[in-house]
Amino acid sequence: MLDEPKNQAAGDNLDYVRDLPGFERGHPHYFKDPMIDHLLEIVMLLGGELWTVKDRQAVTEHLLATEGKVTPEMIEQFRPSADMKEKLARDRQTFVKHVYSCLYSDRAKATKTDYFGIVGKGE
Amino acid sequence: MTISNTIIDRGKIGDVPALSARADEAYTEFISDTRNFLLHAHWAGMSKAGNAAMKDAGVPIEHSQAGVAKAREVIADHSDIATFLRIKRSCQEIYKNRIIESYGKRGEEFLRRLDEADKRGPGSVTYDPNFVYPDYATVDIHIQPGGYTARPLVGMYYDYGTSIFYGGANQDDALHNRLARETPLPKDGKVERVIDIGCSVGQFTCALKKRFPASEVIGIDIGAPMVRYAHLRAVEQNVDVHFAQMPSEALDFPNGHFDLVACHILFHEIPLQVIKKTLTEAYRVLRPGGSFVLWDFATATPENPGYSGLIGMMDAADNGEPYAHSFVSCNVEKLMADAGFTLRELGRKGMLACRVCDKPV
Ligand SMILES: C[S@@+](CC[C@H](N)C(=O)[O-])C[C@H]1O[C@@H](n2cnc3c(N)ncnc32)[C@H](O)[C@@H]1O
């Protein structure tokens, strides 16, 4: 256990919560020049947009190959088979790694890869 | 952008309605993988690097506005830590906004479904449309716009959003089902009434009902939108559980009413005073011999600072977690004893700890 937090003494008055870090959502930036934050954010946004296009193209090609035609409704209603889902997930993960691998220095080597790596498995 | 603006019902993914467009789904899946790859996989390394950077700079980690401001100066000198935190914040903003926008396209229909479910069984839901939320409960927790309380569809946002948070690994509530299966019984084995406090969308509540099918199971949460959606979700799964809007610090049940009180990751999201009152209430509503099971972050130690390190502090500040620090640095086991409980078991699973305690006979 670490030191008891100071707010333990605040009794029933909870006004102090308004001053705690995190009570207001704020607009944080992390680099000296916030433009770098903006650029990274743009890179994230574009990555997501590019993936949606790749996903749509994969579905379009699949529908054309299997149904011989494609409409926006067919795309929206499309549910990939387990195999195709897995393939899309693999492609997406490769895409994420390929595009963003260079972002970190070696001192923060990757370890566990998902939330359950941290809290333990489900069923 | 697509060539058509038609909004169609895209069915469900697991227990949650699918997003309104395939593009929204693809986008959030991308964020989920990005989080796995760029955040979860680097959490341990960045935590170490962050604490080392603070130490090297001679800046103590101090959970206050001033402490966070000093930490920001240190972070700005370490581009890898700055990158990690930028990506973390951006991912949160991007996927939360996308979900709101996507469900918003069918917003009226979802509101109607909530209204209809309010009156349907199995089970029930009660809430007060005029409930006045205490200030502490109005935080944009996890920077969810409007927190758990202000937007009527937040239960759905939460359900879909946590599937991304869990990196796609909580399919069919696997985690909650495991927790329910591992929930220890009161020593005499009698479980007729169970309450899940801070139940959110009722995943653990329903899992407890499946584990104890003959028992009456109740889920309470302070957020009306949460219990309304929890009920809709349970109705659609045909699970007979009861939900009520209720603050954990003022449980509207008689003394000794329950055999088992369960609580999963509520405590790090409420102020310490509310934790103490909640423990008193949990003790009161349990019968002698009943048990209380608390899952939440492990208590911080100097060897294992967890949420009290730099990355935890920045998560508190920039991910709307104002109360997490006071939880990990309070000795919740002692607070449980102060409330009258006897600690039976303290187990640790990664970041989380499970505390099982009994109300003495
Ligand atoms: C992290 S979620 C809990 C997750 C849930 N138990 C599960 O297993 O998935 C925290 C929940 O606690 C609720 N909450 C916050 N303060 C509360 C209070 N004082 N009483 C009851 N519920 C509260 C929030 O509305 C939110 O739904």
Side-chain angles (χ1 to χ4, degrees), chain A residues 1-5 7-8 10-12 14 17-23 25-26 28 30-32 37 40-41 44-45 47-49 51-52 55-56 59 72-73 75-79 89 92-93 96-97 100 103-105 107-123, chain B residues 2-4 6 8 10 21-23 26-27 29-31 33-34 36-38 40-42 44-46 49 65 68 75-76 80 82-83 85-86 89-90 94 135-136 139-140 143 166-167 169-170 174-175 177-178 271-273 299-300 308 316-318 320-322 326 329 331 349-352:
Chain A
M1 197 191 66
L2 304 178
D3 291 346
E4 298 245 319
N7 59 33
Q8 196 149 20
D12 264 342
L14 290 175
V17 299
R18 297 201 147 271
D19 295 325
L20 293 175
F23 191 88
R25 61 187 289 132
Y30 302 97
F31 291 88
K32 282 205 179 86
D37 285 78
L40 262 175
E41 187 163 20
M44 298 298 302
L45 285 163
E49 293 298 349
W51 172 254
T52 64
D55 173 87
R56 198 170 184 86
V59 173
E73 287 71 24
I75 293 179
E76 294 306 335
Q77 247 139 18
F78 179 71
R79 284 269 168 267
R92 198 173 56 235
Q93 283 150 20
V96 169
K97 279 188 195 154
Y100 299 122
L103 278 175
Y104 295 137
S105 69
R107 67 179 177 150
K109 276 229 163 16
T111 48
K112 298 165 177 157
T113 51
D114 63 13
Y115 178 77
F116 280 174
I118 303 176
V119 300
K121 286 259 178 287
E123 286 182 316
Chain B
T2 66
I3 51 171
S4 155
T6 326
I8 57 164
R10 301 181 60 252
R22 173 144 194 109
Y27 204 102
E29 283 170 347
F30 165 85
I31 294 289
D33 282 341
T34 303
N36 277 342
F37 182 64
L38 290 178
H40 290 142
H42 291 272
M46 281 300 168
Q65 298 287 1
V68 170
I75 291 162
D80 54 351
T83 301
L85 293 172
R86 172 74 265 156
R89 172 80 182 206
S90 292
I94 292 170
D135 259 8
Y136 79 79
V139 175
D140 280 10
I143 63 165
Y166 290 127
N170 194 26
L175 169 69
N177 288 325
R178 173 188 37 98
L272 215 45
Q273 292 87 338
T299 297
S308 60
D318 294 345
E321 285 275 20
S326 62
S329 40
N331 184 344
K349 235 181 194 128
M351 258 166 61
L352 295 186

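Everything quoted here is computed from the prediction, not taken from an experiment. Chain letters run A, B, ... following the sequence lines, proteins first and then strands; every chain starts at 1.
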Chain B contact via A/Asp19 - side chain, backbone, both or neither, heavy atoms under 4.5 Å: backbone
Portion of B/Leu38 that has a non-hydrogen atom of chain A nearer than 4.5 angstrom: both
Interchain contact, B/Arg86 with chain A, by part (heavy-atom threshold 4.5 Å): both
[atom1]/[X] to [atom2]/[Y] distance, rounded to the nearest 0.5 angstrom?
X	Y	atom1	atom2	result
B/Ile75	B/Thr83	CD1	OG1	11.5 Å
A/Phe78	A/Arg56	CZ	CZ	12.5 Å
A/Arg79	B/Arg10	CZ	CZ	5.0 Å

Nearest atoms (heavy-atom pairs only) where B/Ile143 meets A/Arg25: O-NH1, 3.1 Å
Top contributor to chain A contacts, counting heavy-atom pairs under 4.5 Å, from B/Asp140, B/Val139, B/Leu85, B/Val68: B/Leu85
